[in-house]
Amino acid sequence: MGVLEELQWRGFVHQATHEDLAQRLEGAPLTFYCGFDPTADSLHVGSLLPIFAMAHLQRAGHRPLVLIGGGTGLIGDPSGKTAERTLQTKEQVLANAEGQRRQLARFLDFEGPAAARMLNNADWLLSLTLVDFLRDIGKHFSINVMLTRESVRMRLEDREHGLSYTEFSYTLLQAYDFLHLCEHQNCRLQIGGSDQWGNIVSGMDLTRRLLQKETYGMTVPLLTKPDGSKFGKSEGGNIWLDPARTSPYKFYQFWINQPDAEVIRYLRFFTFLSRSEIEALEEAVLNVPEKREAQRRLAEEVTRIVHGEEALRNAVKASEAMFGGALDGLDEPTLLDVFSEVPSTTLPAETLEIQPLLTDVLVEAGCFPSKGEARRMIKSGGLYVNNERIEREDLRLSRDLCLTPSMAVVRKGKKHYQLLRFQ
RNA sequence: GGUGGGUUGCCCGAGUGGCUAAAGGGGACGGGCUGUAAACCCGUUGGCUAGCGCCUACGGUGGUUCGAAUCCACCACCCACCA
């Protein structure tokens, strides 16, 4: 199977600028790039989509350029945004770019014949001067065309938000990136999210005009959940790749909780499993959905790639302990081990002697933001200690509530665990 | 610079002197059913309190009033139109 065919089967190809892109990709190795916006110091699962697309292309022998938008991040891309963005400080953008750079290094091979390179467009954008830029680059852009852009039109029609000159100009900078990379790295293909189509085409135009070189573009789909909301948000927050922001356990849980209707698609996107393996899992979803084989495999694969083998083992172990049933048989070291992945809080041992209200303790331990919420949870039957439902709001904490002499396992609802230790 | 419109709880959005911790929706969370799935049903969704209740809250600051998210003044921010 050719690379493009492979990408197509996996669902990565949303739009491509050339019919013959496939042939081009079967030929001599080609240099391609994809940009990442340094809006945070960590990437999240949404960014995995273009990353995997890059990885597949690299495996087919093409050379990836990872472009960190340290320069463009200072401006803000209006594509797909409904409101004007607040500008970030240069320091922020710099720090964010560095954080993302480290994460991206995990997915691509930086050695060998198709060694990936990491670049930061701050290196060439920050030294531009306005007048030169307007003369050399701006001249090639037609306002008439820019105004017809989906992303621009949307914002122009929106009475509330509008669009600043700064963001309006963004596309010129990204186009300039492509030009620069084509000129200095012989980059011929840009890939990006489907909201990047306009920016990609702008870059191709510019490159054709100024360098007389033909370039290509391809976009990957923008992932949404079945309800239309953004992919990668869960339990109120983004799922980040940074283990300090999203623990490997939580990361693993995110994937294992994917609905049947989506899981196969995600296996194709976020794993390197072969077609036959994925098809086998598809069968499993149809015939024995309750075994959740596909979800398990998905969670394993992605967690391994992002966090490594050891973190995966811990996440699996913790998940099995908690969702497998009996907590009772576990001794303290095992518990500690299992729960190293789960939020845990240490309270002074005296707490057990004073026997305070359980609700107060839970607030202090950070399980709940307020006593009212803790009480409400009990009232609605959603609070468990060591997997036993707590019925009384005025229950006091004591040794009887502990699973081991110094530990108790608090559970909110079906899947939120927190370990309490008393020392 | 001028004129007009706006700023409400996590988000959207109603309210335009007391009955308003503030309709409705979304989201989120919990319960039930299940398979750590989807769909569906039910409940909760400012803080403190066992509860009566008290406090904080409708951009900010002052004021009018027995009483203000609601009226007035000033300030800030956003938007539209005009120049």
Side-chain angles (χ1 to χ4, degrees), chain A residues 81-87 154-165 167 224-239 249-267 281-282 284-300 302-303 315-327 338 341-342 356-360 362-364 366-385 387-396 409-418:
Chain A
K81 302 287 186 309
T82 53
E84 179 83 11
R85 291 214 247 159
T86 34
L87 289 177
M154 251 174 47
R155 291 276 291 274
L156 290 182
E157 282 162 12
D158 185 342
R159 345 229 87 223
E160 284 301 303
H161 299 295
L163 176 67
S164 70
Y165 181 72
E167 282 193 24
T224 51
K225 292 196 271 187
D227 63 2
S229 61
K230 217 182 284 163
F231 172 78
K233 297 247 181 193
S234 157
E235 261 102 71
N238 262 316
I239 301 296
Y249 163 75
K250 200 176 165 200
F251 186 85
Y252 177 85
Q253 285 289 320
F254 168 76
W255 295 104
I256 215 163
N257 276 303
Q258 292 305 323
D260 294 357
E262 303 295 318
V263 67
I264 297 302
R265 220 172 119 220
Y266 294 166
L267 279 166
L281 288 166
E282 197 167 2
V285 173
L286 277 174
N287 299 326
V288 278
E290 67 280 4
K291 289 176 92 173
R292 310 179 65 80
E293 279 176 32
Q295 279 90 342
R296 270 176 230 288
R297 194 65 196 278
L298 173 68
E300 269 171 38
V302 189
T303 307
V316 172
K317 211 163 20 164
S319 298
E320 276 170 0
M322 280 179 284
F323 295 97
L327 281 171
V338 157
E341 291 296 319
V342 177
L357 277 175
L358 181 62
T359 47
D360 291 354
L362 293 179
V363 170
E364 195 176 332
C367 303
F368 295 97
S370 71
K371 297 179 196 176
E373 194 156 315
R375 237 181 278 121
R376 241 178 270 134
M377 183 66 83
I378 293 176
K379 213 179 292 180
S380 60
L383 187 77
Y384 302 76
V385 173
N387 279 347
E388 299 223 6
R389 182 178 275 175
I390 301 300
E391 312 277 355
R392 300 179 45 193
E393 292 171 42
D394 57 353
L395 191 68
R396 292 186 171 275
V409 178
V410 177
R411 189 179 118 209
K412 286 193 276 181
K414 240 182 273 191
K415 17 186 154 166
H416 300 283
Y417 285 89
Q418 182 158 356

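Note on naming: letters A, B, ... go to the chains in the order of the sequence lines (proteins, then strands), and numbering restarts at 1 for each one.
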Visitor: Of all the choices, B/rG35, B/rG32, B/rU36, which nucleotide is nearest to the side chain of A/Asn257 once you look at every atom?
Guide: B/rU36
Visitor: Taking only the P atom of each, what is the distance from B/rG46 to B/rC11 in whole angstrom?
Guide: 13 Å
Visitor: Taking the side chain of A/Phe323 as its heavy atoms from C-beta onward, which of B/rU36, B/rU49, B/rC29 lies nearest to it?
Guide: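 So the nucleotide nearest the side chain must be B/rU36.
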Visitor: When the C1' atoms of B/rA22 and B/rA69 are compared, how many Å lie between them, rounded to an integer?
Guide: 8 Å
Visitor: Closer than 4.0 Å, any side-chain N/O of A/Lys291 to the OP1 or OP2 of B/rG35?
Guide: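 Result: no.
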Visitor: Would you mind reading off the distance between A/Arg375 atom CZ and B/rG46 atom P, rounded to a whole angstrom?
Guide: 14 Å
Visitor: Classify A/Lys379 by what it touches in the nucleic acid, base, sugar-phosphate, or nothing, heavy-atom distance under 4.0 Å.
Guide: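 Contact class for A/Lys379: none.
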Visitor: Take the protein atom CD of A/Glu293 and the nucleotide atom P of B/rU36, then report the distance between them rounded to whole Å.
Guide: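 Checked: the CD to P distance equals 14 Å.
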Visitor: Base, sugar-phosphate or nothing for A/Asp260? Non-hydrogen atoms, less than 4.0 Å.
Guide: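 If one applies the 4.0 Å heavy-atom cut-off, A/Asp260 turns out to touch a base.
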Visitor: What's the gap between B/rU65 and B/rC54 when it is taken at their C1' atoms, as a whole Å value?
Guide: 24 Å
Visitor: With the side chain of A/His416 defined as its heavy atoms from C-beta on, choose the nearest nucleotide among B/rA37, B/rG30, B/rG47.
Guide: B/rG30
Visitor: With rounding to the closest Å, how many angstrom separate the P atoms on B/rG53 and B/rC58?
Guide: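 My reading of the P atoms in B/rG53 and B/rC58 gives 23 Å.
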Visitor: Under 4.0 Å between any heavy atoms, over every strand shown, what does A/Tyr252 touch: base, sugar-phosphate, or nothing? Just pick one.
Guide: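 Since no nucleic acid heavy atom lies under 4.0 Å of A/Tyr252, the category is nothing.
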Visitor: Determine: side-chain N/O of A/Arg411 to OP1/OP2 of B/rU36, distance under 4.0 Å, yes or no.
Guide: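 Checking B/rU36 against A/Arg411, no side-chain N or O comes under 4.0 Å of OP1 or OP2.
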Visitor: B/rU36, OP1 or OP2 - any side-chain N/O from A/Arg296 closer than 4.0 Å?
Guide: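 No, because none of the side-chain N or O atoms of A/Arg296 sits under 4.0 Å from OP1 or OP2 of B/rU36.
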Visitor: Rounded to the Å, how far apart are A/Lys371 NZ and B/rU44 C1'?
Guide: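 Nearest whole value for this atom pair: 20 Å.
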Visitor: Applying a 4.0 Å non-hydrogen cut-off, can you work out what A/Arg376 is touching in the nucleic acid: base, sugar-phosphate, or nothing?
Guide: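 Counting heavy atoms under 4.0 Å across all strands, the contact made by A/Arg376 is with sugar-phosphate only.
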Visitor: Do A/Arg265 and A/Glu262 sit within salt-bridge range, that is, some charged N less than 4.0 Å from a carboxylate O?
Guide: yes
Visitor: Is A/Ser319 near enough to B/rU36 that one of its side-chain N or O atoms lies under 4.0 angstrom from OP1 or OP2?
Guide: no
Visitor: So if I take every side-chain heavy atom of A/Ser370 and compare against B/rU36, B/rC48, B/rG31, which nucleotide ends up nearest?
Guide: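 My answer, after comparing the listed nucleotides, is B/rC48.
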Visitor: For A/Lys415 and B/rU36, give me the distance from atom NZ to atom C1', rounded to whole Å.
Guide: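 It works out to 5 Å between those atoms.
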Visitor: Starting at CZ of A/Phe368 and ending at P of B/rC48, how long is that distance when rounded to a whole Å?
Guide: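 So the CZ-P distance, A/Phe368 to B/rC48, works out to 12 Å.
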Visitor: Rounded off to whole Å, could you give me the CG-to-P distance for the A/Leu383 and B/rG43 pair?
Guide: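 Nearest whole value for this atom pair: 22 Å.
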Visitor: Mind checking the C1' distance from B/rG47 to B/rC41? Whole angstroms is fine.
Guide: 31 Å
Visitor: Hey, is the side chain of A/Tyr266 poking within less than 4.0 Å of OP1 or OP2 on B/rA37, counting only N and O atoms?
Guide: no
Visitor: Considering only the P atoms, how many Å lie between B/rG4 and B/rG9, rounded to the nearest integer?
Guide: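 Each nucleotide's P atom is 27 Å from the other's.
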Visitor: Taking atom C1' in both B/rG63 and B/rC79, what distance in whole Å separates the two?
Guide: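 About 28 Å, rounded to a whole number of Å.
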Visitor: What pair of heavy atoms forms the shortest contact from A/Ala299 to A/Ile256, and how long is it?
Guide: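 Distance-wise, the nearest heavy atoms are CB-N, 3.9 Å.
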Visitor: Please work out if A/Gln295 contacts a base, only the sugar-phosphate, or nothing of the nucleic acid, heavy-atom cut-off 4.0 Å.
Guide: base
Visitor: To the nearest angstrom, how far is A/Leu286 atom CG from B/rA38 atom P?
Guide: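 Spelled out: CG on A/Leu286 to P on B/rA38 is 17 Å.
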Visitor: Please report the distance separating the C1' of B/rC82 from the corresponding atom of B/rC71, rounded so that it comes out in whole Å.
Guide: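 Their C1' atoms lie roughly 30 Å apart.
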Visitor: Is a side-chain donor or acceptor of A/Gln295 paired with a backbone partner of A/Gln258 at a separation under 3.5 angstrom?
Guide: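 Yes.
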